[in-house]
Amino acid sequence: MGHIQLKQVKKSFGDVTVIPPLDLEINDGEFVVFVGPSGCGKSTLLRLIAGLEDTTAGNIEIDGKDATGLPPAKRGLAMVFQSYALYPHMSVRKNIAFPMKMAGMPKEEQDKRIAAAAKALNLTDYLDRRPGQLSGGQRQRVAIGRAIVREPAAFLFDEPLSNLDAALRVGMRMEISELHTKLATTMIYVTHDQVEAMTMADKIVVLQAGVIEQVGSPLELYRAPRNKFVAGFIGSPKMNLIEGAEAAKHNAHTIGIRPEHIDVSTTEGLWQGTVGVAEHLGSDTFMHIHGVPGCDPLTVRAGGEVGVKHGDTVWLTPNLTHLHKFDAQGLRIE
Ligand SMILES: Nc1ncnc2c1ncn2[C@@H]1O[C@H](COP(=O)(O)OP(=O)(O)O)[C@@H](O)[C@H]1O
Ligand SMILES: [Mg+2]
């Protein structure tokens, strides 16, 4: 079981409150991602759940029991950090066995759990190697293996892929998602990378300055961001936010339109602009358009083979079914 409930949980360091009181429910078996810019309190929130930080106020319940005052080892959770913290002189097998050995678990049970974890993580052939003889991704898997054998109620990951190069990150992202499917155990995953959040999460918790801006599935956040912050944070390239007269026509302070929801034409359209930088990705072209009132530059996603170049005049037409409207406070209208 891994049902975690935060009730009015607050954290201050001295006079500085980094997390004002917040409520959050994490259901058993859910993959929850905490995402937000650097310094917004993601690690602090995770460390509060793990018991590595004391709460200033509020309660944390794990599987219906108050865990607020419990030390980390008594919470039944396993944390996986960005730095793998493996013992370099020990084999993979011994690294994975370490927490079980410390707990005095019978050798037979240890071996059973090591075999199962190694199988789940494709490490069976590497059990006799030392961490120095493994790639970054394999080392990260060993660190996860050491968490799996504890059979925790939930896994807590703090930016576990930040040390890996881009290609490995994509691979590990899928491995962790697959692992979640296999184990069906609650996972809480912290990242500043909205692509990781979108691709891995059942439920995303968007944080800014210690405040939960929105909780929802990836597509809920994409389709209906509650405010301008979430609108700009979720989705890549970012949603265009347009102010002024164009927004007023829609009875809004700001209108938002994603780059993929704008049509480009060289002959006709609603807004006229000039192509600035055009980024050719092969599959897509991201064009940064200047001269559209209220938003400069405005980003448009077009096909990979689109024939426009720097300096060309283009016409843009937003798809109004995908228009987002925000009031003067930046809150979604509707
Ligand atoms: N031990 C600490 N003492 C004082 N301030 C801290 C401490 N740990 C974190 N903070 C502050 O709390 C805020 C949130 O930090 P953190 O949770 O690490 O953010 P994130 O993980 O989202 O980058 C930051 O402003 C940080 O400086
Ligand atoms: Mg952090």
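Indexing begins at 1, ligand by ligand and atom by atom, following the structure's order. Counting from 1, the numbers follow the sequence of the chain as shown.
Under a cutoff of 6.0 Å and an axis angle of 45°, R173 and Y189 do not form a cation-pi pair. Relative to the six-membered ring of F13, K11 meets both conditions, a distance below 6.0 Å and an angle of at most 45° to the axis.
Here F326 contributes atom CZ and H250 contributes atom NE2; the two are 13.0 Å apart, rounded to the nearest 0.5 Å. Separation of atoms NE2 (H324) and CD1 (I255) is listed at 11.0 Å; rounding is to 0.5 Å. Distance check: L121 CG to Q140 CD gives 10.5 Å after rounding to the nearest 0.5 Å.
For the pair E109 and R113, the salt-bridge criterion is met [side-chain N within less than 4.0 Å of a carboxylate O].
In terms of modelled atom types and a separation under 3.5 Å, the side chain of K182 and the main chain of A120 share a donor-acceptor contact.
Tracing side-chain contacts under 4.5 Å through hydrophobic residues (I, L, V, M, F, W, Y), one reaches M198 starting from F229; they form part of the same cluster.
For a heavy-atom separation below 4.0 Å, the residues in contact with ligand 1 are F13, V18, P37, S38, G39, C40, G41, K42, S43, T44.
Around the Mg ion (ligand 2), protein atoms of type N, O or S found under 2.8 Å number 1.
No side-chain heavy atom of E196 sits less than 4.5 Å from a side-chain heavy atom of E159.
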